[in-house]
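Step one of this worksheet: look at the structure below.
In what follows, chains carry the letters A, B, and so on, assigned in the order in which the sequence lines appear, proteins first and then strands, with residues in each chain numbered from 1.
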There are 2 protein chains.
Amino acid sequence: MTMVRKRGSPLAEQLLETLEDRGYRDTLPRRAVVQAIAERERHFTAEELHEQLPSVGRATIFRSLKLLVESGMLCRVLLEDGNLHYQLSHRGHHHHLLCVQCGNSEDLVGCDIEDQLRQVAAARRFQVSGHWLEVYGRCQSCQALQQPA
Amino acid sequence: MTMVRKRGSPLAEQLLETLEDRGYRDTLPRRAVVQAIAERERHFTAEELHEQLPSVGRATIFRSLKLLVESGMLCRVLLEDGNLHYQLSHRGHHHHLLCVQCGNSEDLVGCDIEDQLRQVAAARRFQVSGHWLEVYGRCQSCQALQQPA
DNA sequence: TTACTGATTGATATCAGGTATCATTGAATG
DNA sequence: CATTCAATGATACCTGATATCAATCAGTAA
Ligand SMILES: [Mn+2]
Ligand SMILES: [Mn+2]
Ligand SMILES: [Zn+2]
Ligand SMILES: [Zn+2]
């Protein structure tokens with residue numbers, strides 16, 4: 001009945017290493033969660049993850065998500081309907097172009113929204129320390145699918 | 001035991017009129033909710049409102065909030081801690097400068113973030129239809145209060 | 001290898017914010 | 001007034017998440 005610690009995908013291993021570097025232990029439930037996340041290509045909810053991993057306690061699912069978000073490996077995505085999803089984060093700070101039709105999200109990096117914000121806020125003596133931005137619309141493929149009139 | 005329909009503040013009356021123009025009835029619970037909101041200067045939660053108006057059913061509180069948001073008279077404010085608050089909205093689309101220290105929020109109107117977004121997204125063939133933006137930082141008075149070194 | 005110890009886990013309870021149901025009430029209209 | 005359907009509120013329920021806490025296990029030291 002001894003569970004074997006199997007090697008996960010390279011991405012999963014990398015995520016686990018980062019957690020270890022931060023002082024968190026390499027546990028079986030954690031491995032399962034991280035591996036499942038590493039395999040996902042789209043944003044997901046905590047519940048979806050839990051359905052996929054019924055052997056992992058719900059609390060542990062949420063604890064792992066929080067850990068990964070705090071460590072910058074996971075980002076939270078606010079859908080237009082107000083639901084909060086999670087998604088692997090490969091880069092630093094960025095935003096999302098969320099397609100309201102197919103649900104896909106593209107990362108929006110290197111835009112100068114930050115500088116813009118800082119400027120416009122500075123004019124009002126407001127010291128910007130952070131922000132939250134989600135962009136909703138239709139992705140290229142969804143446009144192509146229905147535009148051809 | 002017949003409740004009297006009292007006249008509310010000018011702002012409350014104006015909000016109610018807008019609701020009536022949209023086909024919603026002028027009811028006693030609605031008046032109470034709208035009046036309470038009109039008196040608030042800061043963002044608040046549904047629960048806070050319910051505590052203030054225990055005679056109004058919880059469901060009605062939420063229904064009224066949704067109505068006012070849909071009608072553009074109330075805006076939802078996403079705090080940095082993830083909590084959702086509500087706040088009177090006097091103008092059209094705008095954003096908030098949220099002070100993480102005192103909790104106040106200033107409206108950010110007339111910034112060109114929208115155009116920026118549309119441009120940067122268009123370059124990626126993404127058709128922007130909406131967005132959500134909250135800006136966090138410190139307001140002028142909170143800076144003044146603690147900066148004097 | 002084994003012993004130790006605190007981090008981690010999962011069952012459970014609890015919470016916050018919000019929606020669905022539905023019998024009852026009451027605002028608007030004529 | 002009488003009618004009628006929008007609105008209400010009690011209740012149950014739901015999603016997403018956290019608090020508790022005894023049991024377990026990963027990492028380290030012996
Ligand atoms: Mn992201
Ligand atoms: Mn606002
Ligand atoms: Zn799409
Ligand atoms: Zn402030």
Rounded interatomic separation in angstrom, taking [atom1] from [X] and [atom2] from [N]:
X	N	atom1	atom2	value
B:R22	C:dA28	CZ	C1'	20 Å
A:L84	C:dG17	CG	P	15 Å
B:L28	C:dA28	CG	P	11 Å
A:R58	C:dT9	CZ	C1'	15 Å
B:R76	C:dG18	CZ	P	8 Å
A:L79	D:dG16	CG	P	11 Å
A:L65	D:dA17	CG	P	8 Å
B:R30	D:dA6	CZ	C1'	8 Å

Should the pair B:E47-B:R58 be classified as a salt bridge under the 4.0 Å nitrogen-to-oxygen rule? yes
Run the salt-bridge test on A:E134 and A:R76 with the 4.0 Å N-O cut-off and return the result as yes or no. no
Do A:Q127 and B:Q140 meet the criterion of a side-chain donor-acceptor pair at a distance under 3.5 Å?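 No, no side-chain donor-acceptor pair sits under 3.5 Å.
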Is a donor from one side chain sitting under 3.5 angstrom from an acceptor on the other, for A:R40 and A:Q52? yes
If you check every side-chain atom of [X], which of [options] has the closest atom?
X	options	answer
A:Y86	C:dG10, D:dA17, C:dT21	D:dA17
A:V56	C:dG10, D:dA7, C:dT8	C:dG10
A:R63	C:dA28, C:dG18, C:dT9	C:dT9
A:R25	D:dT18, C:dA7, D:dC5	C:dA7
B:A59	C:dG10, D:dA10, C:dT8	D:dA10

Is the distance between the ring centroids of B:H131 and A:H96 under 6.0 Å?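 Distance test on ring centres: not under 6.0 Å, no.
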How is B:S64 classified with respect to the nucleic acid when contacts are heavy atoms under 4.0 Å: base, sugar-phosphate, or nothing?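 If one applies the 4.0 Å heavy-atom cut-off, B:S64 turns out to touch nothing in the nucleic acid.
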Please state whether the phosphate of D:dT15, meaning OP1 or OP2, lies under 4.0 angstrom from any side-chain nitrogen or oxygen of A:N83.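 No, A:N83 has no side-chain N/O under 4.0 Å of OP1/OP2 on D:dT15.
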State whether B:T60 places a side-chain N or O below 4.0 Å from either non-bridging phosphate oxygen (OP1 or OP2) of D:dA7.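 Checking B:T60 against D:dA7: no side-chain N or O falls below 4.0 Å of OP1 or OP2.
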Do B:T45 and B:Y86 have side chains that get closer than 4.5 Å, going by heavy atoms? no
Rounding to 10 degrees, work out the angle separating the end axes of the helix from C:dT1-D:dA30 to C:dG30-D:dC1 (five pairs an end).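 Taking the rotation axis at each end, their angle is 30°.
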Pairwise 5' ranking along DNA chain C for B:D26 and B:T45, keeping only the more 5' one: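 That would be B:T45.
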Earlier contact from the 5' end, DNA chain C, for B:A46 and B:T27: B:A46
Judged by atom type as modelled, is there a donor-acceptor pair below 3.5 Å linking the side chain of A:H94 to the main-chain atoms of A:G92?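 Yes, because the side chain of A:H94 sits within donor-acceptor range (under 3.5 Å) of the backbone of A:G92.
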Hey, is the main chain of B:V109 close enough, under 3.5 Å, to the side chain of B:D107 for a donor-acceptor pair?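 Pair absent, no side-chain N/O of B:D107 close to backbone of B:V109.
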